[in-house]
Amino acid sequence: MNRLLMLGAAIALEVVGTLSLRAMGGFAHPWWLVPVVIGYVGAFYLVAKVLATGLPVGAVYGIWAASGVALTAIFGAIIFGDPLTWVIGLGIVLIIGGVLLVELGSQRAERARHQAGEPQGVLSASGGE
């Protein structure tokens with residue numbers, strides 16, 4: 001599976017898990033625990049698979065977390081009537097901007113390291129030297 005498609009699926013599963021937590025109502029509706037567990041376990045599994053492809057952890061986690069925050073806020077407003085004010089919107093924009101900067105910095109650092117002939121890092125994507 002394409003690593004960006006896996007990351008997108010991980011984001012979707014994390015959002016489903018988080019929204020299902022809200023739907024549980026503090027265990028008033030315990031059957032929502034099923035999509036919570038499936039969502040979080042699936043999301044972590046897919047993020048681990050994406051990281052195994054060699055993408056930088058900072059970029060992957062930033063995209064995953066920021067997208068999850070933004071989508072959860074938007075769907076929380078749509079589904080549960082949670083507030084979505086201009087301040088929250090500004091926060092989402094700033095989070096996205098921060099993730100873009102982390103990704104840009106990651107790409108530049110990786111290019112510079114590659115041009116210098118340096119190794120990928122202490123541990124390779126496969127977990128060993």
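Treat the numbers as computed from the prediction; the structure is a model and nothing was measured.
The side-chain heavy atoms of I63 and I11, taken from C-beta on, include a pair separated by under 4.5 Å. Counting heavy atoms from C-beta on, the side chains of L33 and F27 come closer than 4.5 Å.
Within the model, atoms OG1 of T72 and CZ of R22 stand 11.5 Å from one another, a figure rounded to the nearest 0.5 Å. Residue L84 holds its CG atom at 6.5 Å from CD1 of I74, rounded to the nearest 0.5 Å. The OG1 atom of T53 sits 6.0 Å away from atom CE of M6, with the distance rounded to the nearest 0.5 Å. Once rounded to the nearest 0.5 Å, the distance linking CG of L46 with CG of L51 reads 11.0 Å. Rounding to the nearest 0.5 Å gives a distance of 7.0 Å between CZ of R111 and CZ of R108.
Closest heavy-atom contact between A59 and E103: CB-OE1, 2.8 Å. Residues A10 and W64 share a closest heavy-atom pair of O-NE1, 3.5 Å. The nearest pair of heavy atoms linking I95 to A66 is CG2-CB, 3.1 Å. Counting all heavy atoms, side chain and backbone alike, L19 lies closest to F80 at O-CZ, 3.6 Å. The nearest pair of heavy atoms linking V50 to R3 is CG2-O, 3.5 Å. In this structure, A70 and I92 approach most closely via the heavy-atom pair CB-CG2, 3.5 Å.
The number of heavy atoms from other shown groups lying within 6.0 Å of CH2 (W86) does not exceed 12.
A single hydrophobic cluster is seen to contain both V57 and L55, as judged by linkage of ILVMFWY side chains at heavy-atom distances under 4.5 Å, directly or through other members. Hydrophobic clustering, with ILVMFWY side chains joined whenever heavy atoms are under 4.5 angstrom apart, groups Y61 together with Y45. I79 and L71 fall within the same hydrophobic cluster, defined by Ile, Leu, Val, Met, Phe, Trp and Tyr side-chain heavy atoms under 4.5 Å apart, directly or through other members.
Note on ring orientation: taking the six-membered ring where Trp is involved, the planes of F44 and Y40 are tilted (angle from 30° to 60°).
Between the T18 side chain and the V15 main chain, no donor and acceptor come within less than 3.5 Å of each other.
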